[in-house]
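Okay, so here's the structure we're looking at.
Throughout, a chain's letter reflects where its sequence line sits, starting with A, and its residues are numbered from 1.
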There are 2 protein chains.
Amino acid sequence: MINLLSNLKISVPEKIFLKDPESSKLGKRIIEHGILLIEEIGFDSFTFKKLGVKIGSNESSIYRYFESKHKLLLYLTSWYWAWIEYQLVFATHNISDEKLQLEKAIEIVTRSIKEDSTFLHINEVILNRIIINEYSKSYLTKEVDAENKEGYFVIYKRLVTRLRDMIVKINPKYTYASSLASTIIEGALHQHFLKDHFKSITDCDTTTTPTQFFTDLTFNTLR
Amino acid sequence: MINLLSNLKISVPEKIFLKDPESSKLGKRIIEHGILLIEEIGFDSFTFKKLGVKIGSNESSIYRYFESKHKLLLYLTSWYWAWIEYQLVFATHNISDEKLQLEKAIEIVTRSIKEDSTFLHINEVILNRIIINEYSKSYLTKEVDAENKEGYFVIYKRLVTRLRDMIVKINPKYTYASSLASTIIEGALHQHFLKDHFKSITDCDTTTTPTQFFTDLTFNTLR
DNA sequence: TTTAATTGATAGTAATACTGTTATATTTGC
DNA sequence: GCAAATATAACAGTATTACTATCAATTAAA
């Protein structure tokens, strides 16, 4: 994965940012340390002022890249899902067996990230933890319909759709392909959260993974 | 349901509040209009000051009932899950057929609330919408482990456990009963959200319900 | 090297999330 | 029915948040 992606840029809907953080050194520092600080203190306590202190830069400079911390979260989540989508497409496109293909796809969308290797300034392991803990907050807002119209969630929706299409290929008669696909992706994040904080209501732990659970669930349902 | 519950009090872990809102007229007004205001402007914009204005009462008076708006949310969510748990226990305890019992249980935890009838000052229809839109925010915090230790999530966990036990009864060999139970409950909220805001990634709409999807999913998996 | 663009420093504002104090109601116990 | 206890309202005050605006200092591009 490392070399394959070295000159590839993950693209995020342009309206999310005021100025592309990939276009400058400061922008990249905002992303890099934004990820680290959100993971460290949580999104709710995170402020641009604190991030400014951390990167030795000014609060107002950060505002020139993102209107608000909410937009920064939208940027990070879009980036993350685009990255997952890339992996999904890349890892499944040359698998001819449709069952194996869906199996691989489920693995990619449900696994936890263990290696930080692909992009220089983005720690994917920590970003994955942010997605687990904060992703819901990006859409559970009163502005969700307006922001959806602006295209802020296209990447996520496209990912779900790709998974749905693979489900349909396996069993075209199955009535709930979209719901199953969205349940797998959202549900995996939830199971990862539960294994870290509410162990009593999940079977996932160090030996059993969300991937196993959702693979079993999917193929039992589609058979 | 109306008469049966008329002298029943839903009980919420005591540490959540400073003073029991059920113990006074002001307390009940806080709950009643808190629900309405959170639904109206969203939890993120909701403040005790605004609620004070709405109920013609003082901000500092509300603080004598709840430490913070986060605690109010914990109160409302605990109340909601306790109410669902009551319905689950009540509606399933005299069903001897285990399959029918689980079917009923899934219906209760996944359906959307259409009637506001049981408790005078609590609008369950609107509370259900709040749960769909805001429940995740009650646990996706840096304080979740500390608050879990304090018992703030016991009711929710007990509900998931009850559903898990019914799943186990149907198929004792199934390995993922806890994960399936937590996926049904959390996943249903998510599907309700999707049908309102991201229609393209769900099959649920006016004719197809989350209940149908999760019933089908569960029994296909356990068979 | 001049100009343009970017960043940093500083100031300022309205709102948030509280805490504290004191006065005024309201309830309760006798 | 009245005093004492309790609850609520009104007001003041604080640190922080989530920005916006202005202008000076750097840095990059033509």
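Of the possible polar contacts, one joining the B:D203 side chain to the A:A177 backbone as a donor-acceptor pair under 3.5 Å is found.
Here the C1' atom of nucleotide D:dT20 and the CG atom of A:L18 are 13 Å apart, to the nearest Å. Straight-line distance from the CD atom of A:E59 to the C1' atom of C:dT7: 14 Å, rounded to whole Å. Here the C1' atom of nucleotide C:dT16 and the CG atom of B:L72 are 16 Å apart, to the nearest Å. One atom, CG of B:L51, and another, P of C:dA17, lie 13 Å apart when rounded to the nearest Å.
In this structure, A:K19 reaches the sugar-phosphate backbone alone: every heavy-atom distance under 4.0 Å involves primed, P, OP1 or OP2 atoms, never a base. As judged by a 4.0 angstrom heavy-atom cut-off over every strand, B:S61 is placed among the base-contacting residues. B:Y65 comes within 4.0 angstrom of the backbone, heavy atoms only, and of no base.
There is a side-chain donor-acceptor pair under 3.5 Å between B:T202 and A:S179.
Nearest-nucleotide positions on DNA chain D place B:G27 closer to the 5' end than the other of A:K69 and B:G27. Nearest-nucleotide assignment on DNA chain C puts the 5′-proximal partner with A:R64, out of A:R64 and B:N58.
Residue B:S57 places its side chain closer to D:dT8 than to any other of D:dT8, D:dC23, D:dT17. Of the candidate nucleotides D:dC19, D:dA18, D:dA21, D:dA18 has the atom lying nearest to any side-chain atom of A:T47.
For C:dG20, the OP1/OP2 oxygens have no side-chain nitrogen or oxygen of B:Y63 closer than 4.0 Å. Side-chain nitrogen and oxygen atoms of A:K50 include at least one within less than 4.0 Å of the OP1 or OP2 phosphate oxygen of D:dT17. Remark: B:S24 is in phosphate contact with D:dT8, judged by side-chain N or O atoms under 4.0 Å from OP1 or OP2.
With rounding to the nearest 0.5 angstrom, the CD1 atom of B:I30 is 10.5 Å from the CZ atom of B:R64.
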Test salt bridge (Lys or Arg N to Asp or Glu O under 4.0 Å) applied to A:E107 and A:R111, step by step:
CA-CA 6 Å; A:E107 189 202 322; A:R111 71 185 168 194; 3.5 Å; yes
